[in-house]
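It should be emphasised that the depicted structure is a prediction, and the values quoted were computed from it without experimental measurement. Below, chain A is the first sequence line, B the second, and so on; all start at residue 1.
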Protein chains: 2
Amino acid sequence: MTYSKELLKGTLTTIILQLLESKGRMYGYEITQEVKKLSDEKILIKEGSLYPALHKLKDDGLVATETEMIGNRVRKYYSLTPDGSITTKERVKELNDFFETLKIVLNPRSAMV
Amino acid sequence: MTYSKELLKGTLTTIILQLLESKGRMYGYEITQEVKKLSDEKILIKEGSLYPALHKLKDDGLVATETEMIGNRVRKYYSLTPDGSITTKERVKELNDFFETLKIVLNPRSAMV
DNA sequence: TTGCAATGCATCGTATTCCTATGTATCATT
DNA sequence: AATGATACATAGGAATACGATGCATTGCAA
């Protein structure tokens with residue numbers, strides 16, 4: 001079972017940022033595998049989503065890259081810039097807050113605070 | 001403070017469906033106001049999002065409409081069809097499940113099950 | 001009484017973003 | 001030798017939320 005791809009919209013970038021925040025640095029393929037593992041195979045990030053997202057994060061100055069050669073194979077590591085670290089905290093906070101709000105909207109009877 | 005509009009993607013339809021499930025029937029403007037109220041003004045559904053979404057739900061056979069005249073003003077009520085009711089339960093379940101999964105992904109240290 | 005805000009419906013064009021499909025290349029295992 | 005995993009990347013398409021705009025009624029305040 002995989003989630004409707006629409007659900008990922010708006011959260012993919014936050015997932016990437018938060019992974020980089022906790023792991024320090026990662027390469028693309030590693031990110032897809034880590035998300036797959038953590039989500040019990042329920043969230044599968046595709047290359048067609050991941051790489052454009054990473055490139056955009058770089059354009060926006062939120063991540064920096066360094067390329068390494070592993071044998072003859074190129075590997076591109078991503079890590080957060082100071083700006084990226086700040087943005088990550090904001091995004092994660094916003095996402096958690098959004099979830100809480102949505103819970104209330106989706107279940108009005110639990111809204112008695 | 002309003003959430004980044006990207007966050008709503010993939011959840012708007014579920015919000016509408018669940019509101020109809022709990023309220024029985026609602027009209028468009030009423031939906032925007034109810035979501036605004038329940039979310040403490042943090043989720044503001046725009047007409048440009050709402051009406052296309054409602055029309056799509058109708059095309060998909062998930063909601064039915066009835067038009068009423070309130071004074072000289074037209075009001076269009078939406079309610080769930082039997083199909084819509086089933087879909088609503090599935091969507092809400094999927095969304096809650098997605099949140100749980102995402103929590104784990106966003107905070108690996110809490111993933112020790 | 002005039003004008004503005006709120007109520008109420010709707011659509012067009014735009015931006016975003018995720019995916020499918022495709023391409024290239026290395027490496028390990030069979 | 002072939003296949004699957006590793007690893008990067010992009011082009012084109014689909015979905016969807018929004019901004020802008022339009023129309024009409026109603027209520028209220030200046």
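- In this structure, the OH atom of A/Y3 is 17 Å from the P atom of C/dC18, given to the nearest Å.
- Annotation: side chain of B/L20 is not in contact with side chain of B/R25 (no heavy-atom distance under 4.5 Å).
- Per the geometry, CG belonging to A/D59 stands 15 Å off C1' belonging to C/dT16, to the nearest Å.
- For B/K5 and D/dT16, the shortest distance from a side-chain N or O to OP1 or OP2 is not below 4.0 Å.
- When heavy atoms are screened at a 4.0 angstrom cut-off, A/L12 is found touching the sugar-phosphate backbone but no base atom.
- A/I45 comes within contact range of no nucleotide atom at all, as no heavy-atom separation falls under 4.0 Å.
- The phosphate of D/dC8 has neither OP1 nor OP2 within less than 4.0 Å of any side-chain N or O from A/Y27.
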Quiz item: After noting the C-alpha distance and the side-chain angles of A/K89 and A/S85, does the key distance pass the side-chain hydrogen bond (donor to acceptor under 3.5 Å, both in side chains) rule?
Solution: CA-CA 7 Å; A/K89 290 177 184 70; A/S85 198; 3.2 Å; yes

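- When rounded to the nearest whole Å, the span between CG of B/L44 and C1' of C/dA6 equals 15 Å.
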Self-check item: Reading 5' to 3' through nucleotides 21-30 of chain C, protein heavy-atom contacts under 4.0 Å coded B for base, S for sugar-phosphate only, - for none
Solution: -----BS---

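- In terms of heavy atoms, B/E41 sits closest to B/T2 at O-OG1, 4.4 Å.
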Self-check item: B/Y3/A/T101 under side-chain hydrogen bond (donor to acceptor under 3.5 Å, both in side chains): CA gap, chis, key distance, verdict
Solution: CA-CA 10 Å; B/Y3 298 119; A/T101 300; 2.6 Å; yes

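- In terms of heavy-atom proximity, A/G24 sits nearest to A/S79 at O-CB, 3.5 Å.
- Look at A/H55 and you won't find any side-chain N or O under 4.0 angstrom from OP1 or OP2 of D/dC8.
- Contact annotation: A/Y51 side-chain N/O to D/dA9 OP1/OP2 distance is not under 4.0 Å.
- Two residues, A/Q33 and A/E6, neighbour DNA chain D, and the one matched to the more 5' nucleotide by heavy-atom proximity is A/Q33.
- Here A/K9 lies in heavy-atom contact (under 4.0 Å) with a base.
- Between the side chain of B/N107 and the backbone N or O of B/K103, no donor-acceptor pair lies under 3.5 Å.
- The pair A/E6-A/K9 counts as a salt bridge, with a side-chain nitrogen and a carboxylate oxygen less than 4.0 angstrom apart.
- For the pair A/L50 CG and C/dT17 P, the computed distance is 14 Å after rounding to whole Å.
- One interatomic measurement links the two molecules: CG of B/L7 to P of C/dA15, which rounds to 21 Å at whole-angstrom precision.
- Atom P of nucleotide D/dA7 and atom OH of A/Y78 are separated by 14 Å, given to the nearest angstrom.
- Judged by closest nucleotide on DNA chain C, B/L54 is the one of A/K56 and B/L54 placed further toward the 5' end.
- Contact check, A/K46 against C/dT20: a side-chain N or O comes under 4.0 Å of OP1 or OP2.
- In this structure, CG of A/L8 is placed 15 Å from P of D/dA17, rounded to the nearest angstrom.
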